[in-house]
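Down below is the structure, laid out as structure tokens.
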Amino acid sequence: MIYPILTPEEAAEFVQNGHTIGVSGFTIPGNPKKVPVAIAAKARREHEAGREFRINLFSGASTNDYTDGELSRAHALNFRAPYQSLPELRKHINAGELHYNDRHLSEMAQEFRYGYYGKMDIAIIEVQSITDEGDLILGTAVGNSPTWLKVADKVIIEMNDQIPESIRGLHDIYVPLDPPCRREIPIYSAHDRAGTVTAHVDPKKVIGVVPTSMPLGKEEAFTPVDDTTRRIGENVCAFLINEMKQGRMPKTFLPIQSGVGNIANAVLDALESSTEIPPFEMYTEVVQDSVLKLLESGRCKFASTCSMTFSHEAMMEFFANVDKLHDKLLMRPSEISNNPEVIRRIGVISMNTAIEADLFGNINSSHVGGTRLMNGIGGSGDFTRNAYTSIFMCPSIKKDDCISTIVPMVTHVDHTLHSVDIIVTDQGVADLRFKDPIQCAHEIIEKAAHPVYRPLLREYLHLCEKRGGHVLMDPDIALAFHSALVKEGDMRKVNFGK
């Protein structure tokens, strides 16, 4: 079958007001880069003519500026799920200009197949190639593309000639059956292959192919490791080494999950330098530049991921050395890379970042001040609730000591104390296992909080003791740290008023 060749503008004309659109990719890699820009331009024209034009957009995770950025600037979004990370889109969400549904990333594809979100009108998918029979080699991320290809009424293909042919074989496309027919996912270690190297679409669905020639990877480099994040990384590594010494973790070690950012980089740098942690595998949702170093050095034996979230420079390095790395990496759909069944079966160690943690182990990872969305829960819940050991990391203080990340009560809860094992800051490691809430509070104050804030946190606990209870909490002063930040710009100026 010969597919029509379309310009981005021609493809955008198929998208109508109120349509539900699914896009490929997971974080910046793998996202379409031309058609969304043309849709945004169409939206501006429609708005100038006095006509409504807004779409519902579903992805694998966050996208790129070509997608979330352009569409939000054009006021072309009505509904967005399941995750975002661009300041431009975040601004519109926090202003209440569109609806945003923050979801666990492992659930998005199956919930769409279950019919929770109605029908999908068009999927826009970036690929390396497509055959007449509808077999596709996807790009540098998988995300929810296999499900979008299945459920969408129509499909637009962006064929990017910058994706090299050598990417073939790096994908493992497996879509589970839905209940009541679901069976176990046949992955028993991070390096097991469960599916096929290609995704598939009914050729009759394909509206056309838009040829593109767009760079791969992040344009900007990742933030380098600094003294604070280096100490966090060293503390995590020391904890893991001690777990093996105490017999609580196999001496062969376990697969790890690590997110994106400078704290994740710092942890991976510490693991690379360690002589006591053996070479390990990763079962994670993203791999970034530091993972490429680990693969090249052999410290990481294998990486199972959903997305190669590399900088452009690292992406070019990867493909330049792909012959040596081809058998060390697989990209899977996000409902597999983040799947609770697999995570629990193979014993993944989860490592995620927190905006703030409270004295009892509850974690806020998505909303600043409890109201302003930062990014979203992403895949952190998928891993945290099913990990062999769940770890959350953050610096103990921010903004020139004016903010403590350890607070009496978090302003928004993404992960409850029931799911959190370990909290790590630059100050140390708070182990919450085998402790009641009050014991956890003392552990967090003494091991994770910054010394500047420890007396204030102890004072809060002392005031709460008068009320008693299994968890020490006074609703009149639980958010006093945050009130001081709002009123005085500094949590150290807290006044409990007691």
Side-chain angles (χ1 to χ4, degrees), residues 6-103 108 117-126 139 141 143-145 148 152-158 160 207-215 218-220 372-376:
L6 305 174
T7 66
E9 293 71 25
E10 289 170 335
E13 285 305 305
F14 289 92
V15 179
Q16 304 301 317
N17 177 48
H19 267 185
T20 293
I21 307 296
V23 293
S24 60
F26 192 97
T27 70
I28 289 176
N31 301 142
K33 302 171 179 67
K34 286 289 189 179
V35 177
V37 176
I39 296 171
K42 178 180 180 179
R44 292 187 179 97
R45 293 193 303 272
E46 291 294 293
H47 295 161
E48 288 169 3
R51 293 187 289 267
E52 179 75 9
F53 188 95
R54 282 152 67 92
I55 63 172
N56 306 311
L57 186 68
F58 293 82
S59 61
S62 55
T63 69
N64 52 27
D65 191 65
Y66 302 114
T67 303
D68 276 336
E70 286 289 332
L71 291 169
S72 58
R73 283 189 289 271
H75 302 279
L77 293 175
N78 171 63
F79 180 93
R80 181 74 176 87
Y83 186 76
Q84 63 77 46
S85 66
L86 284 182
E88 185 70 32
L89 176 56
R90 183 184 310 139
K91 178 178 69 175
H92 291 279
I93 292 170
N94 286 326
E97 296 173 8
L98 67 141
H99 307 289
Y100 173 74
N101 189 213
D102 197 21
R103 304 297 297 167
M108 184 85 269
Y117 301 98
K119 72 165 189 169
M120 178 172 287
D121 297 287
I122 298 176
I124 308 170
I125 310 294
E126 184 182 68
N144 289 323
S145 294
W148 296 169
D153 289 346
K154 297 292 182 182
V155 175
I156 295 170
I157 299 295
E158 281 199 13
N160 189 350
I207 293 171
V209 173
V210 178
T212 69
S213 187
M214 299 295 289
K218 286 166 57 75
E219 293 180 4
E220 71 278 8
R372 300 187 307 281
L373 178 73
M374 178 55 68
N375 294 330

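- Of all the heavy atoms in Ala74 and Ala40, the pair that sits closest is CB-O, 3.6 Å.
- Judged by distance alone, the side chain of Glu9 and the main-chain N or O of Ile39 form no donor-acceptor pair under 3.5 Å.
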Pair Val15-Val35, side chain to side chain contact (heavy atoms under 4.5 Å, CB included): steps then yes or no: CA-CA 10 Å; Val15 179; Val35 177; 5.5 Å; no
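- Phe53 approaches Ala43 most closely through the heavy-atom pair CD2-CB, 3.5 Å.
- For the atom pair CG of Leu6 and CD of Glu158, the computed distance is 11.0 Å after rounding to the nearest 0.5 Å.
- Nearest heavy atom pair, residue Pro32 against residue Asn64, reads O-ND2, 3.5 Å.
- Atom CG of Leu71 and atom OH of Tyr66 lie 14.0 Å apart (nearest 0.5 Å).
- The closest donor-acceptor contact from the side chain of Trp148 to the backbone of Ile124 lies at 3.5 Å or more, if one exists at all.
- Here the OG1 atom belonging to Thr20 is positioned 5.5 Å from the CZ atom belonging to Phe58, to the nearest 0.5 angstrom.
- Residue Ala141 comes nearest to Pro29 through the heavy atom pair CB-O, 3.4 Å, listed as atom of the first residue, atom of the second, then distance.
- Checked against salt bridge (Lys or Arg N to Asp or Glu O under 4.0 Å), Lys42 has the following partners two or more places apart in sequence or in another chain: Glu13.
- Note on ring orientation: taking the six-membered ring where Trp is involved, the planes of Tyr117 and Phe79 are tilted (angle from 30° to 60°).
- Distance alone, capped at 3.5 Å, is enough to place a donor-acceptor pair between the Thr63 side chain and the Asp68 backbone.
- For the pair Lys34 and Pro211, the minimum side-chain heavy-atom distance is 4.5 Å or more.
- Residue Ser72 comes nearest to Gly69 through the heavy atom pair OG-O, 3.0 Å, listed as atom of the first residue, atom of the second, then distance.
- The two residues Asn101 and Ala81 make their nearest non-hydrogen contact at O-CB, 3.5 Å.
- Checked by atom type and distance alone, the side chain of Gln84 pairs as donor or acceptor with a backbone atom of Asn375 at under 3.5 Å.
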Stepwise side chain to side chain donor-acceptor pair (under 3.5 Å) check, Arg80 with Ser59: CA-CA 8 Å; Arg80 181 74 176 87; Ser59 61; 3.0 Å; yes
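- Applying the salt bridge (Lys or Arg N to Asp or Glu O under 4.0 Å) test to Glu70 and every residue at least two apart in sequence or in another chain returns Arg44, Arg73.
- To the nearest 0.5 Å, the span separating CG on Leu373 from CG on Asn94 amounts to 5.5 Å.
- Among residues two or more places apart in sequence or in another chain, the side chain to side chain contact (heavy atoms under 4.5 Å, CB included) test is passed with Glu52 by Asn17, Arg54.
- Ring geometry for His75 versus His92: interplanar angle over 60°, hence perpendicular rather than tilted (30 to 60°).
- When the options Leu89, Thr67, Ile21 are evaluated for a side-chain contact (heavy atoms from CB on, under 4.5 Å) with Leu77, the one that passes is Leu89.
- Partners of Asp102 under the side chain to side chain donor-acceptor pair (under 3.5 Å) rule, at least two apart in sequence or in another chain, are Tyr100.
- Every side chain to side chain contact (heavy atoms under 4.5 Å, CB included) that Lys91 has, sequence neighbours left out, goes to Glu88.
- Asn160 CG to Thr212 OG1: the interatomic distance, rounded to the nearest 0.5 Å, is 3.5 Å.
- Here salt bridge (Lys or Arg N to Asp or Glu O under 4.0 Å) pairs that include residues 21-33, with residues two or more places apart or in two chains, are Lys33-Glu126.
- From Asp153, atom CG reaches atom NE2 of His19 across 8.5 Å, with rounding to the nearest 0.5 Å.
- Looking at heavy atoms from C-beta onward, Lys154 lies out of side-chain contact with Asp121 at the 4.5 angstrom threshold.
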